[in-house]
Amino acid sequence: MQINRLASGGRVNHAKPLNFSFNGKRYQGLEGDTLASALLANGVNVVGRSFKYGRPRGIVGHGAEEPNAIVQLGSGAQTIPNLRATQVELYEGLEARSVSGWPSVDYDLMSVMGVFKRMLPPGFYYKTFMRPQKLWMTYEHFIRKAAGLGSAPVEADVDSYDRLNQHCDVLVVGAGPAGLVAAREAARSGARVIIADEQSEFGGSLLGASSHVDQQPAADWLAQIVQELNEFANVQRLPRSTVFGYYDHNFLAIVERRTDHLGISAESGTRQRLHRVRARQVVLATGAIERPLVFAHNDVPGVMLASSVATYVNRYAVLPGNKLLLFTSNDDAYQTAINWHKAGREVVAVVDSRMAPGGDLNQIMADLNIQLYCGHGVIEVVGKKRVKAAVIAPLSVDGSSIIGQTLRLDCDLVACSGGWSPVIHLSSHTGTRPQWSDQVVGFVPGESVQQERSAGAARGTYGLTRCLEEGAAAGAKAALAAGFGDGVVEFTAPGADEASQEPQQPLFLVPHSKPTSRAPSQFVDFQLDVTAAGIELAAREGYESVEHVKRYTALGFGTDQGKLGNINGLAILSKALGQTIAETGTTIFRPSYTPTTFGAIAGRDVQSLFDPERYTSMHRWHEQQGAHWEDVGQWKRPWYFPKPGESMHEAVNRECLAVRNSVGMLDASTLGKIDIQGSDAAEFLNRVYTNGYLKLAAGKCRYGLMLKEDGMVFDDGVTACLAENHYLMFTTTGGAAGVLSWLELWHQTEWPELNVFFTSATDHWATATITGPNARKVLEKVCDDIDLSADAFKFMDWRDGTVADVAARVFRISFTGELTFEVNVPAHHGRHVWEKLYEAGQEFDITPYGTETMHVLRAEKGFIIVGQDTDGSMTPQDLNMGWVVGKNKDFSFIGHRGLNREDCQREDRKQLVGLKTLDPKTVLPEGAQIVVDPSQPLPMAMQGHVTSSYYSAHLGHSIALAVVKGGHKRIGETIHCPLADGRSVPAEIVSSVFYDPQGDRQNV
Amino acid sequence: MEKYSLFKLFNHARTYNENWQRAWRSPVPKSDYDVVIVGGGGHGLATAYYLAKVHGITNVAVVEKGYLGGGNTARNTTIIRSNYLWDEAAQLYELSLKLWEGLSQELNFNVMFSQRGVLNLGHTLQDMRDIQRRVNANRLNGIDGVVLSTAEVQARVPLMNCSPNARYPILGASWQPRGGTARHDAVAWGYARGADALGVDLIQQTEVTGIRRHNGAVVGVETANGFIGARKVACVTAGNSGVMAAMAGLRLPIESRPLQALVSEPLKPCLDTVVMSNAVHGYISQSDKGDLVVGAGVDSYNGYGQRGSFNVIEHTLQAICELFPSFSRVRMNRHWGGIVDTCPDACPIISKTPVEGLFFNCGWGTGGFKATPGSGYVFADTVANDRPHPLAEAFNIDRFYSGALIDEHGAAGVAH
Amino acid sequence: MLQIYCPYCKQTREEEEFSYAGEAHIKRPSDPQAASDKEWGDYLFFRKNPRGIHHEMWQHSAGCRRYFNVIRNTVTYEVLESYPMGTSPSEQPAHAATISTAGELQ
């Protein structure tokens, strides 16, 4: 039984009841209802409890402004916290519950806080809970428990979200009367138009209106213009779509809710879609939101916005009460009383703060014999969980004081209207400052700084005819500015049955017989329990800037972002400071206009699509061999290849020994490869590397270090001369993209006169590294057109040839210190050649190995890994790699000058050395810090740290690389590494080359 | 100064809260001060407070173009920690953390310093090496910190995706238990109230338009409301340091960029600690009000608009949804940008300048809020004694010529 | 979210296609070895960082990969002009009076 539902009328489907539950109780609503209208239809008064004082709260509004009716929808993985009941479309089986109140919204233990209200003024928490510091975490525990609205889901989101990049000529925000005609006018010019509106259907204020347009009911006129828009092929209509942010260069973000209205378990596709729109022109027809009036106990359920009451009656056929009292400072709200009366329920009285209101509506009311109290205000409402009566009193002309006896009027619904606040949020996002208008009694958009214009109520224009005129003009002008039409509006606004209106009265805080500080709470921001007294107190304490007041009292910090309370709050503050609202100014609106789902903004770029995964052409083979993976940049590289039952340690030892004793193979495809060509290529290389490249002959390779201009190493690798004026540069796996941009930057901005070209070839080649004493024997079996003999094919040479019937480049470079051939073939042959090499190696027990073994082998040789043994603060000299620095190059290569700076010349710089633990079995943890005396008090004087550390199965002891202050001159010294577990590990500083210091093994 | 306490709240409740004193005066500027501090953010107010409190210099004015604490103090994500890599930075931030630990009592203003700990996640083997290095260095510097395993991370943050199948699985984390968050506005207000009580003039809504010099030495500042004389001028104007420096004919190694942040709607407690991830670019905590406070990246280009590029927000929320798959259904309430002065080494400049009597404290990048007390403390000492405080020595401007940079990019928390 | 004109592709494209590459028109000292530490430090680290008109470099990294110069207002984010490397802007935009130097300059 929907006790407050009219038998017919509205835009709801009376033939289609829907079952839902709220706080565990089952109810029925109708198709076309919002959760809010359905709750009101069922006479549900209390929908939540207030944040600070636990006061019972009811539904106040009917849209984005609603501060109280915040609900948690559904349960489990698909639950949604903090939705406004006024924006939740009802569907069969909907389950919702309040987010506040314990044990229930009807009986909330927190309401006991209301008793201590006076002890909890704004900012009370800054003034207490200070001692002892330790107890703060306990106080805070309870504060946190009491705060917060709904609950985040605990299961991973099962829904998907996507996004669409769009361009349009004219984006119209808001499909109320002004927006609809603006869209139609722009569409007529041929411009591509998008019109978006947050509601389920277009129409805006007309959806809840009882007025006539063009001599027909508003609903009929609306249906007709919507139909017209449907027929334009150049118009994209986006209902249920909130334009939530306006960014630079006319970029706007729209979130479209695609399935939320179908039910929580809708599996009909993408839940929400982000439209990323670049619009040539924007028309902001975002309307206005009615302002409540601030009086004592104005938060009791049953106090609502006048326009919301009218909307519930006209759109939803719901009468949210029995006995209405209307309190207004303008004519517009009279319509609510008229609607209420016509719906057949009692209008107790209309209370108007103005002394002598007139106008057409006033006359209609008089004709209906509605009792009118002029020059009066509601100063207090009686009731706890529902309005029982209103106390009214005569007010002074300016509305600032009470001038006579109070009168108590019984009623159960107080509709109030303090005028309208234009929705200027999006225009504020662009950076323009809102302007206060005394005429509008509200802030209107500042001068446009983007390609946008506001129309209708959004810029303080009220009255349907004027809104339509303005909307049409804005649409035509926007189209013209976007290059369409002639800007002339052919449309004449249809006559709307508009009543003549008297000026409204600026009324914000309604006086009480007691001073504000002593009066019962007069709420300004319902969601955060900010009262008029609180704002005055903030001002009294010196929090005078509007931002200070906002932050001190929390005014406007709620999920409604102060859509109802801000202006009233500013007005009260201004009065307290004795200045005008214009002088006080306003806080800045930030995106999002209404809260926007994280998932919708993230889109598809989550989970496996969070970042692309890059695979080499041998990836599946590695997978089949049971490789464990390491993430290196975006690449998946085999980390090690454990045999069944093998630990990582065992696998790595086996892999290392295989390379040292026979032969191993590594997939080195991920190394960056840059093809460099041009008659000045050698000169260019000479400038970007520390060493010389002018004399590098075709067929030869050279290892180089790349520095930033400050002299710090940032990449290393081998470059091969493929032919005259043609080079192939290898970079680190992670550094490839950065190095390419670096080369391009220098070429294009500093040395454009050099004739040189760069092409990334990383993905074009697959690389199989065959390394170990038997490497030559393996390669010989699948390559017969290269003379692989030591004399013909020397270390640091490369040759063209055929490997496993595939054209290949073979490089004799080595990162293991063993005889090594790096076989490069076009990527799509990678797996084939890899498998052939593996096959050929079987008689030598060829062993595939991963990055971990690669690290051990290179560390045995003292070869650095940029990014592991360096950190952006290491010079070549620090790395004991002065041999890579060309001392006599003509050109001052990048980083050369940086090396000469005072700090780079210090003798006690951290320098790369080796460490040998005194106990050969102990492996130092990487990242261990080094000290001379481990028993010194904290803070200890740190000498450096361990950069790389492994157990070397081949050498039979642990090895480590470290950077140590002045380390090159401290060989032989014993240092200590104090570890987190309390141990301190002694180690001797040794040469960073542990194995084959002469390099004999790679030269065979 | 009226002392705040529970007792006072009770007393004032009896008189309807009508008799609370002002937290600070609104003075008419004097013609002349010993020190003028330009910038009434947390750092500037802290500097004023310690000048008066520690050095007895009370003839001080803080000149602020807007309202107190209205710059990055009001726009940051309130994270506090001291687990920086290099000795110089770690010791400065540790001084700050120690001051935080007694700040509410010191100021008689609850700054709600909440030591709920800070996790820095590692997603790659190199991340874990860096974490080990940093935690070991912290420990030997006397700063708390441990390395946690994936399972220990999961136990602390149940909603986080610690699956090995994540795109960048969490391999472990560093954990600083003494780290946490504080109420950002309260810090500015607490220092303002404390400084005011000691005699410092807080002059709001007054923009400094020039720095007047005579014979190479500072003599005062020009403001929109007239000249104010000063023997020393200390600039603490994050986001505008370059503009201030230009007034004195100086250049700084600083670029100003928007750092973005966002908050969700308030939620019941669901995240008990601060979580930071360099590799997936996001950091997140939950405020006492229940909002998830999310730090995003710094825009790649210079800008003074207190807003930023939407794609930065998108990337950040992708990272948050990746780390916390259930937060995908949570909604963003607001996002904004603050202008941070980024230095080439992600470390601040606390320095005298070639202009006698002119001091700069700037370049805090993304790390300024947590440093507020320590920054004010060492800067006050530097200004008072006309020589760098020992902990500020390394942060001189000469390091950009000598090369003695302190590269803290790894610890800065966001990609620059 | 900016839109930037690439003077090589002759197209206005989304910010996401581009990478910022720092202040424009910084000349590397022609003989670095002869530069003083001061000169070298200035070249390496010290930037104009204006509040207002800024000359900066961008790379069309997801496009033609060319670097070019852009004049952009760092307050309004308005992009005033894009022009190729090695060229000058068509006209010098009036440097917005963003820095007041009321102080006595010596």
K.L.:
With rounding to the nearest 0.5 Å, note down the distance linking OG in B:Ser328 to CD in A:Glu155.
P.N.:
13.0 Å
K.L.:
Set out, in order, the CA-CA distance, both residues' side-chain angles and the distance that settles ring-ring contact (aromatic ring centres under 6.0 Å, His included) for A:Phe589 and B:His335, then state yes or no.
P.N.:
CA-CA 10 Å; A:Phe589 295 107; B:His335 76 85; over 10 Å; no
K.L.:
B:Gln21 versus chain A, heavy atoms under 4.5 Å apart: side chain, backbone, both or neither?
P.N.:
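It is the backbone, since no side chain atom gets that close.
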K.L.:
With chain A as the partner, which of B:Phe327, B:Phe113, B:Trp189 has the greatest number of non-hydrogen pairs under 4.5 Å?
P.N.:
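Winner by heavy-atom pair count: B:Trp189.
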K.L.:
Could you tell me which of B:Arg167, B:Lys289, B:Gln91, B:Lys268 has the largest number of non-hydrogen atom pairs under 4.5 Å with chain A?
P.N.:
B:Arg167
K.L.:
Give a yes or no on whether a salt bridge exists between A:Asp903 and B:Arg399, defined as a side-chain N under 4.0 angstrom from a carboxylate O.
P.N.:
no
K.L.:
Rounded to the nearest 0.5 Å, what's the gap from CG on B:Leu292 to CZ on A:Phe598? Could you check?
P.N.:
5.5 Å
K.L.:
B:Ala137 versus chain A, heavy atoms under 4.5 Å apart: side chain, backbone, both or neither?
P.N.:
both
K.L.:
Among B:Leu107, B:Leu103, B:Asn108, whose side-chain contact (heavy atoms from CB on, under 4.5 Å) with A:Met130 holds?
P.N.:
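Output: one option passes, namely B:Asn108.
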K.L.:
What are the two closest non-hydrogen atoms of A:Gly867 and B:Gln126, and how far apart are they?
P.N.:
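The answer is O-NE2, 3.1 Å.
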K.L.:
Is it the case that A:Tyr126 and B:Arg183 place a side-chain donor and acceptor less than 3.5 Å from each other?
P.N.:
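The criterion, which ignores hydrogens and geometry beyond distance, is satisfied for B:Arg183 and A:Tyr126.
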K.L.:
Under 4.0 Å between a Lys/Arg side-chain N and an Asp/Glu carboxylate O for B:Glu18 and A:Arg540?
P.N.:
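The answer is no: the pair does not qualify as a salt bridge.
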K.L.:
Please report the shortest heavy-atom distance between B:Arg329 and A:Asp159, naming the atom on each side.
P.N.:
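Of all heavy-atom pairs spanning B:Arg329 and A:Asp159, the closest is NH1-OD2, 2.7 Å.
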K.L.:
In terms of heavy-atom pairs under 4.5 Å, which option from B:Gly290, B:Ser287, B:Gly305 contacts chain A the most?
P.N.:
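Ranked by contacts with chain A, first place is B:Ser287.
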K.L.:
As an exercise: rank B:Gln286, B:His123, B:His315 by heavy-atom pairs under 4.5 Å with chain A and give me the winner.
P.N.:
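Most heavy-atom pairs within the cutoff with chain A belong to B:Gln286.
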K.L.:
So what's closer than 4.5 Å to chain A heavy atoms on B:Asp288: side chain, backbone, both or neither?
P.N.:
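Both backbone and side chain.
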K.L.:
What part of A:Leu609 lies closer than 4.5 angstrom to a heavy atom of chain B: side chain, backbone, both or neither?
P.N.:
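Neither part.
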K.L.:
Where on B:Glu101 is there a heavy atom nearer than 4.5 Å to chain A: the side chain, the backbone, both, or neither?
P.N.:
backbone
K.L.:
B:Gly142 and A:Leu938: which non-hydrogen atoms are nearest, and at how many Å?
P.N.:
CA-CD1, 3.8 Å
K.L.:
With a 4.5 angstrom heavy-atom cut-off, could you sort out which part of B:Ala279 is near chain A: side chain, backbone, both or neither?
P.N.:
neither
K.L.:
Count the heavy-atom pairs under 4.5 Å between each of B:Cys270, B:Ser5, B:Ala192 and chain A, then report the option with the highest count.
P.N.:
B:Ser5
K.L.:
Which atom pair, heavy atoms only, marks the closest approach of A:Arg144 to B:Pro269?
P.N.:
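Shortest heavy-atom separation between A:Arg144 and B:Pro269 comes out as O-CG, 3.5 Å.
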K.L.:
Got a second to check how far B:Leu6's CG is from A:Thr128's OG1, nearest 0.5 Å?
P.N.:
4.5 Å
K.L.:
For B:Tyr16, does the six-membered ring have the charged nitrogen or CZ of A:Arg118 within the cation-pi criterion, i.e. under 6.0 angstrom from the centroid and within 45° of the normal?
P.N.:
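Because its charged atom sits under 6.0 Å from the ring centre and within 45° of the axis, A:Arg118 does stack over B:Tyr16.
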K.L.:
Of the backbone (N, CA, C, O) and the side chain (C-beta and beyond), which part of A:Val931 lies under 4.5 Å from a heavy atom of chain B, both, or neither?
P.N.:
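Only the side chain of A:Val931 comes within 4.5 Å of chain B.
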K.L.:
Atom CG of A:Asp605 and atom CG of B:Leu317: how far apart are they, to the nearest 0.5 Å?
P.N.:
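Here the rounded value is 12.0 Å.
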K.L.:
Between A:Glu544 and B:Arg22, does any NZ, NE, NH1 or NH2 come within less than 4.0 Å of an OD or OE carboxylate oxygen?
P.N.:
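A:Glu544 and B:Arg22: salt-bridged.
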K.L.:
Where on B:Ser114 is there a heavy atom nearer than 4.5 Å to chain A: the side chain, the backbone, both, or neither?
P.N.:
both
K.L.:
Can you tell which part of A:Ser873 gets under 4.5 Å to a heavy atom of chain B, answering side chain, backbone, both or neither?
P.N.:
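Side chain of A:Ser873 only, per the 4.5 Å heavy-atom cut-off to chain B.
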K.L.:
Would you mind checking which part of B:Leu271 comes under 4.5 Å of any heavy atom in chain A, side chain (CB onward), backbone (N, CA, C, O), both or neither?
P.N.:
backbone
K.L.:
What are the two closest non-hydrogen atoms of A:Asn82 and B:Arg331, and how far apart are they?
P.N.:
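So the two residues come closest at O-NH2, 2.8 Å.
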K.L.:
Is a donor from one side chain sitting under 3.5 angstrom from an acceptor on the other, for A:Glu902 and B:Ser402?
P.N.:
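Absent: no donor and acceptor within the cut-off.
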K.L.:
Would you say B:Gln132's side chain and A:Glu926's backbone share a donor-acceptor pair under 3.5 angstrom?
P.N.:
no
K.L.:
Decide side chain to side chain contact (heavy atoms under 4.5 Å, CB included) for A:Gln929 and B:Arg139; before the verdict, give the C-alpha distance in whole Å, the side-chain angles of both, and the deciding distance to 0.1 Å.
P.N.:
CA-CA 10 Å; A:Gln929 293 285 337; B:Arg139 211 166 33 78; over 6 Å; no
K.L.:
What part of B:Ala74 lies closer than 4.5 angstrom to a heavy atom of chain A: side chain, backbone, both or neither?
P.N.:
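Its backbone and side chain both get close to chain A.
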K.L.:
Rounded to the nearest 0.5 Å, what's the gap from CG on A:Asp631 to OH on B:Tyr168? Could you check?
P.N.:
6.0 Å
K.L.:
Work out which heavy atom in B:Asn333 is nearest to a heavy atom in A:Pro595; give both atom names and the distance.
P.N.:
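That would be OD1-CG, 3.7 Å.
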K.L.:
If you round to the nearest 0.5 Å, how far is CZ of A:Phe244 from CZ of B:Phe310?
P.N.:
4.0 Å
K.L.:
Is it true that the side chains of B:Gln105 and A:Gln133 contain a donor and an acceptor less than 3.5 Å apart?
P.N.:
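Note: B:Gln105 and A:Gln133 side chains meet the donor-acceptor criterion.
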K.L.:
Against chain A, label B:Val280 side chain, backbone, both or neither, depending on which of its atoms sit under 4.5 Å from a heavy atom there.
P.N.:
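Both backbone and side chain of B:Val280 come within 4.5 Å of chain A.
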K.L.:
Check each atom of A:Thr851 against the heavy atoms of chain B and say whether the ones under 4.5 Å are side chain, backbone, both or neither.
P.N.:
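Contact with chain B: none, neither part.
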K.L.:
Quick check: does any side chain N or O of A:Glu541 sit under 3.5 Å from a backbone N or O of B:Ala23, one acting as donor and the other as acceptor?
P.N.:
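Looks like no, no N/O pair under 3.5 Å.
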